[in-house]
Amino acid sequence: MASFKGYDLVVVGSGFAGSMATLNFLEECKKQHKSGRVALVEVGKDGERCGASRWTMAYLRLDKNLDFGQVSNGLADEEYCHKLQKEAGITAHYLEDHGVKFVHHDETNVLLEFKTGQHFVFPEGGGKAIISKLFEQIREFDDCDIYWETEAIRLMTDDAGAIRGLKVRKNDGLLHDLLAPNVVLACGGFEGNQEMLARYIGRNTHALPLIAPGLKYNRGAGLRMALEVGAGTAGSFDGMHCELVDTRAGKPDAVIWGHNYGIVVNKGCQRFYDEGKRHLFATFEMIALECWRDQNQSCFFVTDDVIMQKFKGSWVYDTTDKPPEKGDTIEELAEKMHLDPKELKKTVDAYNAAINDREFDLMKLDGKATTGLSPNKTNWANPIVKAPFYGYPMTSHLTFTYGGVKTDINARVLSTNDVPIPGLWAAGEMTGLFYNEYPPATSCLRSMAFGRLAGLEIAKNLGRPQGTASEKAIPSERRIDDNMSMDQAALPAEVKAAA
């Protein structure tokens, strides 16, 4: 067994939370003239888009009031949410200062529940571009070692329960010790672990594909290790975030967002969900869960030329790399989507006949609804009458899980009795926050914000000034230096609107 000694910090995971923790620790140590060494542990391969951060488009909502209480029924940690509200803008400016370029988008057709005046931002090149920029800065420091293809196995503690390091398994199959008084767990949820999905969420979770390949590495290692040392928990352990994607797509994360602006039917051509119940982002997760739970993972979106022309070139329907199926009649569209033409025509006709005479208005919950149907559509029930008609075959994909460890506002992991575990920190999707529903466009933001706070806090509390003798670290197999290859190509244009 080999031991790599002399670290002040070990970070598990190289996504938003882990990269922010690593870089902020190094920068703060330099600012305070401290000698701080960090090991960054990643189970994925060098150059691979491992985890979730390198796949997401990373929408950031910078609300004046990030209200999690409505969807969590008051269960979300209010103090944590207030801290995120305070740190949101600071985090965005930090990224800009480190070379991340943001697209500022004013949405004119989709009613957003964000308190941002219909405005949100996302980075050019998506989350992959953010990670690349952060790694560029990390490579400028000599005091960071990175261990690719290295699996975190167990937290190491002293007899009093304080963290003293991390036991890992490298790609040689052997166990190694990374000794450090601080460990930041930032290695995602448990969506890549079918055993944990079945245990916490329930039956048939194995039928949910992952929305991006990198999620296979999010196997709940951080959660498992933290629970072993007595960490408390937060968030809905039976909750998860899913999205409807185009079944024909040749790319990951091919989300069909605009279910509100038409109808969604199952394989039997029957509607099963109120497509206009609430705002787009407030319902796209819930209808995806219904598709998985009750519709055998298969459903179909149907609309007409009025809607498709309104959203032409928009992220609402252009996230996929395939054009919609198209027919001059409902029957022709049904045949192209392998549905019963007569049944689909019957459903569309019944829907059109049940619509009231209120004005169709995309920018409010317009009350343009149906009556006498089961279920009724309560908003945006515009008639599907103008040819050509359009449709997408869809299925539900798993994005992330809700349950995780409990932390305080400084990213310290709390015990089951709400006492900080000395030396243990966590950030990102492995920390629990969400209940019932996902407050949209907050996951990436909180991962980066609390990863940053963890790195800063650890550096500020580091007691070893520069020049103090310390145990020399045995070199890792791979140090972050100018020769490390990181694929920094931007995401293709067609995914620039994907979340």
Side-chain angles (χ1 to χ4, degrees), residues 17 52 56 61 66-84 113 185-211 215 218-227 230-244 273 277-279 281-294 396-409 411 413-416 418 426-447 449-450 499:
T56 179
R61 61 185 274 190
L66 285 170
D67 182 12
F68 288 53
Q70 181 178 358
V71 298
S72 73
N73 294 328
L75 293 173
D77 186 329
E78 186 175 343
E79 190 178 14
Y80 181 104
C81 297
H82 287 163
K83 183 70 170 182
L84 176 57
E113 66 266 42
L185 299 175
C187 45
F190 55 89
E191 57 270 14
N193 185 324
Q194 289 191 4
E195 185 272 333
M196 292 181 78
L197 286 173
R199 187 197 321 167
Y200 289 121
I201 297 176
R203 296 182 60 184
N204 209 36
T205 46
H206 65 274
L208 275 168
L210 299 174
I211 202 164
L215 295 182
N218 292 5
R219 299 192 286 259
L223 174 62
R224 173 184 53 76
M225 293 188 298
L227 293 178
T233 60
S236 303
F237 271 78
D238 60 349
M240 57 182 172
H241 179 59
C242 295
E243 299 174 359
L244 290 177
Y273 189 83
K277 187 175 182 179
R278 288 160 55 202
H279 304 76
F281 284 120
T283 54
F284 83 120
E285 171 185 64
M286 307 313 291
I287 194 170
L289 288 172
E290 286 290 327
C291 175
W292 161 69
R293 184 183 298 115
D294 296 322
S396 185
H397 281 194
L398 175 54
T399 307
F400 57 83
T401 48
Y402 286 178
V405 300
K406 189 175 184 179
T407 61
D408 65 10
I409 61 172
V413 175
L414 301 178
S415 72
T416 52
D418 289 342
E429 289 175 356
M430 69 152 291
T431 61
L433 175 64
F434 304 134
Y435 294 85
N436 304 319
E437 298 178 27
Y438 170 51
T442 57
S443 185
C444 299
L445 187 61
R446 80 180 186 104
S447 297
F450 285 93

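Predicted model only: the values in this text are computed from it and were never measured. Index from 1, following the sequence.
When all heavy atoms are compared, the tightest approach of T407 to A426 is CG2-O, 3.8 Å. Heavy-atom minimum distance, L289 versus C242: CD2-SG, 3.8 Å. What you find for G428 and S447 is that their closest heavy atoms are CA-OG, 3.3 Å. Residues A282 and R278 share a closest heavy-atom pair of CB-NH2, 3.5 Å. Heavy-atom minimum distance, G222 versus L185: O-CD1, 3.6 Å. Among all heavy-atom pairs drawn from D408 and F450, the shortest one is O-CE2, 4.5 Å.
For the pair L433/R446, a side-chain contact is recorded, criterion being any heavy-atom separation below 4.5 Å from C-beta on. In this structure, M240 and L208 have side chains that are in contact, with non-hydrogen atoms separated by less than 4.5 Å. Residues L84 and C81 fail the side-chain proximity criterion, which asks for heavy atoms closer than 4.5 Å. Contact of the E191 side chain with the T399 side chain is not registered, since no non-hydrogen atoms from C-beta on lie closer than 4.5 Å. Taking 4.5 Å as the limit, some side-chain heavy atom of E437 sits within range of a side-chain heavy atom of E285. In this structure, P209 and L398 have side chains that are not in contact, with every pair of non-hydrogen atoms separated by 4.5 Å or more. Under the 4.5 Å side-chain criterion, counting only non-hydrogen atoms from C-beta, E429 is not in contact with T401.
We find the NE2-CG distance between H397 and L215 to be 11.0 Å, quoted to the nearest 0.5 Å. Atoms CG and OG1, on D418 and T416 in that order, are 8.5 Å from each other to the nearest 0.5 Å. Distance check, rounded to the nearest 0.5 Å: CG of D294 to OH of Y273 gives 12.0 Å.
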* Go through the steps for F400 and I211 under the test side chain to side chain contact (heavy atoms under 4.5 Å, CB included), then give the verdict. => CA-CA 9 Å; F400 57 83; I211 202 164; over 6 Å; no
* To do: Begin from the C-alpha positions of K406 and T431 and carry the test side chain to side chain contact (heavy atoms under 4.5 Å, CB included) through to its verdict.
  => CA-CA 6 Å; K406 189 175 184 179; T431 61; over 6 Å; no
* Starting from the C-alpha separation in whole Å, work towards a yes-or-no answer on side chain to side chain contact (heavy atoms under 4.5 Å, CB included) for F190 and N218. => CA-CA 5 Å; F190 55 89; N218 292 5; over 6 Å; no
* Asked: Checking salt bridge (charged side-chain N to carboxylate O under 4.0 Å, His left out) for the pair K83/E78: CA distance, chi angles, key distance, verdict?
  -> CA-CA 9 Å; K83 183 70 170 182; E78 186 175 343; over 6 Å; no
* To do: List the steps and the verdict of side chain to side chain contact (heavy atoms under 4.5 Å, CB included) for L414 and V405.
  => CA-CA 8 Å; L414 301 178; V405 300; over 6 Å; no
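R61 places a side-chain N or O within 3.5 Å of a backbone atom of P440 that can act as its donor or acceptor partner. W292 contributes a side-chain N or O that, together with a main-chain N or O of N204, makes up a donor-acceptor pair within less than 3.5 Å. Looking at Y402, its side chain does come within 3.5 Å of a backbone N or O of Y438 through a donor-acceptor pair.
Side-chain atoms of Q194 and T205 include no donor-acceptor pair closer than 3.5 Å. With hydrogens and angles left out, the side-chain atoms of R293 and S396 include no donor and acceptor closer than 3.5 Å.
Residues H241 and F284 bring their aromatic ring centres within 6.0 Å.
A cation-pi arrangement is absent between R199 and F237 under the rule of less than 6.0 angstrom and at most 45 degrees off the ring axis.
Electrostatic pairing of R219 and E195 does not count as a salt bridge here, judged by no charged N lying under 4.0 Å from a carboxylate O.
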